[in-house]
Visitor: 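Let me give you the structure first, and then I'll get to my questions.
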Amino acid sequence: MVIHEVEEEDPESNAILPRQVVLYCDKCGMPPEYCEYGPDFETHCLPWLKKHHPETHAKLYGSKVVAVKPPRPSEPWTTEQRLTAFYEKYVPEKIESIPGLLEKYAGKEENLFSALVKKYGPEPEDPFDADSDDDDEEESGDDEDDEDAVVPGRKRRGVKAKSTETSAIRILIQKQTQKRKKFMTIVHGMETVPNVKLKDVSKTFSKKFAGSSSVKDKSIIVQGDHVYDAAELIVDQFQVPGECVFLEIDGETHPLK
Amino acid sequence: MFKKFDPTTDVSTSTQVKASVQRALKSQLLDKHPLLTEDILDAFIPKKSPLVQYKIGPHLMLYCRKIDHVNKSPTQEPILFQHRDGPIMPTLRLVHQYPTLEFTKVTVDKGAIPFLLGGANVMCPGLTNPGGEMPPDGAEQDANGFDKPGLEKGDGVVIYAEGKEFALAIGVMLMSSADVRSKNKGIAIELLHYLGDGLFQSDEI
């Protein structure tokens with residue numbers, strides 16, 4: 001790995017102890033050479049590495065052909081597909097008889113399959129059901145155990161790919177909760193904005209509006225009436241797209257124009 | 001140890017480390033890792049801004065250095081940790097950042113990698129099989145006639161994997177290196193910190 005020396009205040013310490021910026025996989029957070037041990041290697045890590053860091057990719061996997069898992073289908077198999085997979089596994093010669101079978105057993109598919117299983121053996125697994133891990137919102141250590149139970153073959157430990165947050169950023173700015181003629185501006189939903197700490201947001205607000213600001217239960221409360229100003233600030237400073245911000249004034253919710 | 005570590009909830013108090021304590025930390029590191037010198041240590045342990053100590057539970061300390069950012073408030077980056085009175089160990093991120101830092105290290109066989117990535121301890125065969133490496137025991141002497149130290153029980157080590165460039169984990173020896181070679185059975189190293197665990201993923205607090 002090439003050592004890129006980081007700009008330090010004193011270059012002297014850099015000479016004694018060179019420091020490098022390390023490349024970590026964007027998906028699983030480990031150095032790329034360890035990605036192959038993670039459960040999402042072929043689906044997330046490998047394509048990412050190939051696209052963004054082709055030199056490292058070539059160095060690690062240049063000559064090797066990595067078997068890529070076929071992409072997960074978006075729906076479970078239809079009866080026809082199930083039958084085809086079944087016959088492919090046990091008796092390929094009978095595949096042509098499938099249409100006839102389907103007609104005969106229309107509405108009684110389960111009977112058909114239980115008979116087949118009795119005759120030939122267990123039904124082949126639907127890849128739709130195999131790794132159903134992409135649907136959870138947050139990664140947690142516990143998921144790894146479930147993963148391993150379902151996916152047959154080599155047990156993959158290591159870090160699961162971070163689920164990229166495509167969950168919508170939604171901010172609701174509620175305002176004018178009147179308290180004895182004084183107004184309060186409440187901002188909900190800042191936690192859906194990535195890379196932003198609530199405390200920092202609160203500090204920015206209090207600086208801009210010269211009023212006290214606090215964080216309560218994931219909402220930010222600012223003293224004073226700053227509906228539109230707060231909205232502008234959020235869009236500018238925190239790079240939140242305008243469509244995600246909603247203003248609630250006197251019970252009516254408007255999107256920010 | 002850091003398998004489930006969440007910097008937002010698990011970290012309790014933060015105190016600035018006294019100069020005397022900081023000196024003690026440095027001297028312990030110099031003692032246990034003979035290839036480190038004071039100059040090298042000073043290069044990554046900041047002199048100007050004091051180290052901050054976070055407590056995780058009653059017996060686990062995390063020593064952090066301050067990092068300034070452009071558009072957010074400064075954060076703390078964990079660089080060292082210590083469990084009870086055990087050895088002071090660097091975090092994996094630190095070891096990755098300074099590849100020339102020579103902490104006491106061992107190398108494990110490639111087959112052990114998936115297990116270590118799940119947080120399992122290192123078994124003797126991982127070190128004694130081809131591919132594994134350990135410092136030689138006290139029976140040998142190097143060119144100057146000094147005993148090459150083996151590893152003692154309780155020593156902290158950085159664990160590398162056969163064929164990989166970056167460190168894989170940090171652990172503490174449960175058996176001396178001589179015992180590992182002779183008995184070749186049982187747990188050799190207890191894993192404290194590994195690639196992808198909670199501490200590794202929280203690079204700033």
Side-chain angles (χ1 to χ4, degrees), chain A residues 1-6 8-25 28-39 56 59-60 138-142 144-145 148 154-162 191 195-204 237-239, chain B residues 2-6 8 36-49 68-69 71-75 92-102 110-120 160-169 194-198 200-205:
Chain A
M1 194 68 126
V2 178
I3 296 181
H4 300 284
E5 291 183 355
V6 173
E8 301 262 329
E9 288 123 32
D10 56 316
E12 214 181 85
S13 68
N14 219 1
I16 302 176
L17 191 66
R19 183 176 175 181
Q20 70 174 14
V21 178
V22 187
L23 172 65
Y24 290 117
C25 172
C28 62
M30 298 197 284
E33 54 186 2
Y34 288 104
C35 284
E36 60 180 301
Y37 298 98
T56 320
K59 195 169 76 157
L60 289 173
E138 281 169 337
E139 30 120 350
S140 66
D142 301 315
E144 271 173 30
D145 296 297
D148 293 343
R154 182 162 141 213
K155 197 165 181 178
R156 295 272 192 91
R157 290 162 226 249
V159 189
K160 269 176 57 127
K162 277 174 258 186
E191 75 271 10
N195 292 336
V196 145
K197 276 202 183 142
L198 288 184
K199 202 117 217 263
D200 284 339
V201 179
S202 152
K203 271 197 186 144
T204 324
Q237 265 226 353
F238 303 109
Q239 279 104 45
Chain B
F2 291 103
K3 191 160 192 173
K4 289 186 189 184
F5 170 70
D6 183 1
T8 51
L36 291 179
T37 66
E38 187 148 359
D39 296 333
I40 295 181
L41 273 191
D42 282 337
F44 70 86
I45 297 183
K47 269 184 264 183
K48 292 176 208 160
S49 48
D68 296 304
H69 295 275
N71 49 8
K72 41 180 187 169
S73 43
T75 55
L92 272 176
R93 285 199 185 258
L94 187 77
V95 178
H96 290 170
Q97 271 179 33
Y98 297 100
T100 51
L101 263 187
E102 298 239 19
K110 214 191 308 196
I113 299 180
F115 298 100
L116 299 199
L117 283 177
Y160 288 83
E162 176 200 352
K164 303 289 183 194
E165 184 186 341
F166 290 104
L168 173 61
Y194 57 95
L195 202 54
D197 70 359
F200 183 78
Q201 290 183 0
S202 37
D203 45 356
E204 48 185 38
I205 303 181

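The chains referred to below are lettered A, B, ... by the order of the sequence lines, with proteins before strands, and numbering in each begins at 1.
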Visitor: Which heavy-atom pair separates B:F166 from A:P31 by the least distance, and what is that distance?
Guide: CD1-CB, 3.6 Å

Visitor: Relative to chain A, which segment of B:L168 carries a heavy atom at a distance below 4.5 Å: side chain, backbone, both, or neither?
Guide: both

Visitor: What's the separation between atom OH in A:Y37 and atom NZ in B:K110, rounded to the nearest 0.5 Å?
Guide: 6.5 Å

Visitor: Looking at OH of A:Y34 and CG of B:L116, how far apart are the two atoms once the value is rounded to the nearest 0.5 Å?
Guide: 9.0 Å

Visitor: Using every non-hydrogen atom in the two residues, find where B:P99 and A:P18 come nearest and quote the distance to one decimal.
Guide: CD-O, 4.1 Å

Visitor: State, to 0.1 Å, how close B:F200 and A:G29 come at their nearest heavy-atom pair, and which atoms those are.
Guide: CE2-O, 3.1 Å

Visitor: Give a yes or no on this: more than 12 heavy atoms of other residues, nucleotides or ligands lie within 6.0 Å of atom CZ of B:F115.
Guide: no

Visitor: Salt bridge check, B:K164 against A:E36: does any charged N sit closer than 4.0 Å to a carboxylate O?
Guide: yes

Visitor: With B:F5, which residues qualify under ring pair (Phe, Tyr, Trp, His ring centres under 6.0 Å), at least two apart?
Guide: B:F2

Visitor: Checking B:F44 now: which residues fulfil ring pair (Phe, Tyr, Trp, His ring centres under 6.0 Å) with it, not counting sequence neighbours?
Guide: B:Y98

Visitor: Go through the atoms of B:A167 and report whether side chain, backbone, both or neither lie under 4.5 Å from a heavy atom of chain A.
Guide: backbone

Visitor: Measure across A:M30 and B:L117 and return the closest heavy-atom pair with its distance rounded to 0.1 Å.
Guide: SD-CD2, 3.9 Å

